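Written out below as structure tokens is the structure these notes cover.
Letters A, B, ... are given to chains in the order of the sequence lines, protein chains preceding strands, and every chain is numbered from 1. Everything numeric in this text was worked out from a predicted model, so none of it was measured.
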2 protein chains.
Amino acid sequence: MLFSKACHYAIRAALYISSRSENIVPIREISDELEISFHFLTKILQQLTRHHILTSLKGPKGGVGLNKPAEEISLKSIVLAIDGQDFFEGCLLRLDKCSDAHPCPIHDEWKPVRRQLLNFLESTTLDQFQSKVKSKKFRMKV
Amino acid sequence: MLFSKACHYAIRAALYISSRSENIVPIREISDELEISFHFLTKILQQLTRHHILTSLKGPKGGVGLNKPAEEISLKSIVLAIDGQDFFEGCLLRLDKCSDAHPCPIHDEWKPVRRQLLNFLESTTLDQFQSKVKSKKFRMKV
DNA sequence: TCCTTTTAAGACTAATTTGTCTTAAATATA
DNA sequence: TATATTTAAGACAAATTAGTCTTAAAAGGA
Ligand code: FES
Ligand code: FES
């Protein structure tokens with residue numbers, strides 16, 4: 001699959017958080033709504049917090065929230081925070097690093113396709129889905 | 001990453017095999033040339049053989065070879081043989097199955113991007129790389 | 001026929017990813 | 001200030017993926 005399971009969870013949670021009007025949402029609410037293990041999700045969201053994509057607040061009324069406007073949070077930034085750069089700089093054949101200087105045989109054909117994928121991840125931001133998520137007409141679990 | 005490690009190995013090996021003019025190439029030669037563990041590679045290539053992408057021959061002068069013309073072996077068929085359908089029918093959020101009937105919030109935006117990816121995998125076949133691989137000017141390992 | 005070479009099959013181990021659990025630290029509020 | 005609530009951190013366990021090793025089966029050639 002494209003990304004790790006943790007990364008998919010992160011994207012789902014980010015969509016959910018960004019659709020809630022409250023600044024701060026308890027992780028327990030997210031894990032209940034999305035049916036993701038609370039502890040595992042907590043660990044994943046901590047990474048987003050460390051990458052300053054989310055903020056967090058301890059104690060009663062605590063939880064996590066977006067650390068910047070939804071239109072400034074791209075899918076790419078989430079993938080980068082959870083899965084690292086492998087996806088972005090990796091060679092299709094898993095050779096050391098994709099590079100124009102030392103290309104593998106598929107490099108020329110793969111590059112434009114990857115470019116489109118990156119464009120999608122870069123240009124796609126959380127705000128684009130807020131109304132869809134709020135409408136509750138779209139699957140967020142199972 | 002896009003595919004499993006085994007799948008990347010399979011693609012590399014398939015490229016190598018298709019570039020050799022001999023019908024049959026010993027797996028030991030492939031594993032030496034591509035610096036992939038012989039036993040692991042053997043297991044992976046067995047899957048391609050079971051999926052009728054390769055043929056194999058035991059004994060002296062044995063090895064593996066393409067089971068059909070290189071232009072009929074797409075990257076998609078290799079990915080399918082090794083990693084299964086997950087990549088092709090999976091939802092970007094890892095929900096049960098991507099479907100137009102029960103879409104997730106990202107479905108509409110993701111679908112065309114995935115379509116391009118699938119087009120690439122479907123339309124890209126081994127014959128397109130034979131001369132590049134033969135020229136030995138392109139990285140096949142490390 | 002017998003020996004050697006090579007793939008097939010599958011048990012086994014190692015590494016990585018995923019998931020669980022416990023304890024600590026922070027904070028709102030009574 | 002004391003208590004309850006919530007995230008942070010990290011040890012630990014389970015599951016999956018990656019990789020190793022041994023033995024069997026097939027096939028060519030002496
Ligand atoms: S070097 Fe392989 S895809 Fe660029
Ligand atoms: S249902 Fe999620 S991408 Fe189609």
Side-chain angles (χ1 to χ4, degrees), chain A residues 1-13 17 20 22-67 79 81-84 86-87 90 94, chain B residues 1-13 17 20 22-67 79 81-84 86-87 90 94:
Chain A
M1 291 281 272
L2 237 48
F3 313 121
S4 70
K5 217 164 174 181
C7 189
H8 291 269
Y9 287 161
I11 295 172
R12 282 212 279 152
I17 295 165
R20 299 276 275 100
E22 291 79 7
N23 307 6
I24 291 290
V25 186
I27 297 177
R28 179 68 67 182
E29 176 189 325
I30 307 169
S31 70
D32 283 351
E33 288 294 325
L34 303 185
E35 293 175 2
I36 299 172
S37 143
F38 169 74
H39 288 289
F40 192 34
L41 182 59
T42 297
K43 215 157 61 166
I44 293 164
L45 296 185
Q46 279 169 21
Q47 294 183 67
L48 295 185
T49 302
R50 280 197 285 270
H51 279 79
H52 308 105
I53 292 168
L54 300 180
T55 32
S56 70
L57 207 65
K58 290 179 182 176
K61 310 273 173 185
V64 293
L66 302 189
N67 194 38
V79 173
I82 305 295
D83 282 353
D86 292 13
F87 184 82
R94 280 222 199 192
Chain B
M1 290 285 271
L2 237 50
F3 313 121
S4 70
K5 217 163 174 182
C7 189
H8 291 268
Y9 288 160
I11 295 173
R12 282 212 278 151
I17 296 165
R20 299 275 276 100
E22 291 78 8
N23 306 6
I24 291 289
V25 185
I27 297 177
R28 179 67 68 181
E29 175 189 326
I30 306 169
S31 71
D32 283 350
E33 287 293 323
L34 303 186
E35 292 175 3
I36 299 171
S37 142
F38 169 74
H39 288 291
F40 192 33
L41 182 60
T42 296
K43 215 157 59 166
I44 294 164
L45 295 186
Q46 278 170 22
Q47 292 183 70
L48 295 185
T49 302
R50 279 197 286 271
H51 278 79
H52 307 106
I53 292 168
L54 301 180
T55 31
S56 70
L57 207 65
K58 291 178 182 175
K61 310 271 174 184
V64 293
L66 302 187
N67 194 38
V79 173
I82 305 294
D83 282 353
D86 291 13
F87 184 83
R94 279 219 201 196

Can you tell me if the side-chain N/O atoms of [X] get under 4.0 Å from OP1 or OP2 in [N]?
X	N	answer
A:S56	D:dA8	yes
A:K5	C:dG19	yes
A:Y9	C:dG19	yes

Within the structure provided, determine whether B:T55 and B:V64 are in side-chain contact (heavy-atom separation under 4.5 Å). no
Value in whole Å for how far the [atom2] atom of [N] lies from [atom1] of [X]:
X	N	atom1	atom2	value
A:D83	C:dT17	CG	C1'	11 Å
A:R50	D:dG10	CZ	C1'	11 Å
B:I82	D:dG19	CD1	P	13 Å

Of the non-hydrogen atoms in [X] and [Y], which two are nearest, and what is the gap between them?
X	Y	value
A:I30	A:A13	CG2-CB, 4.0 Å
A:V25	A:E22	CG2-O, 4.4 Å
A:D86	B:M1	O-SD, 3.6 Å

Let me spell it out: for each of A:K61 and A:F3, pick the nucleotide of DNA chain C with the closest heavy atom. Which residue's pick is nearer the 5' end? A:F3
Please say whether the positively charged group of A:R28, taken as NZ for Lys or CZ for Arg, lies over the ring of A:F38, i.e. under 6.0 angstrom from the six-membered ring centre and within 45 degrees of the axis. yes
Just compare C:dA9, C:dA28, C:dA8 and give me whichever is closest to any side-chain atom of B:K58. C:dA8
B:A6, nearest nucleotide to its side chain (from D:dA18, D:dA9, D:dT5): D:dA18
Using a strict heavy-atom distance below 4.0 Å, which residues from residues 27-46 of chain A are in contact with DNA chain D? A:I27, A:F38, A:K43, A:Q46
Measure the CD1-OG distance between B:I44 and B:S37 for me, rounded to the nearest 0.5 Å. 8.0 Å
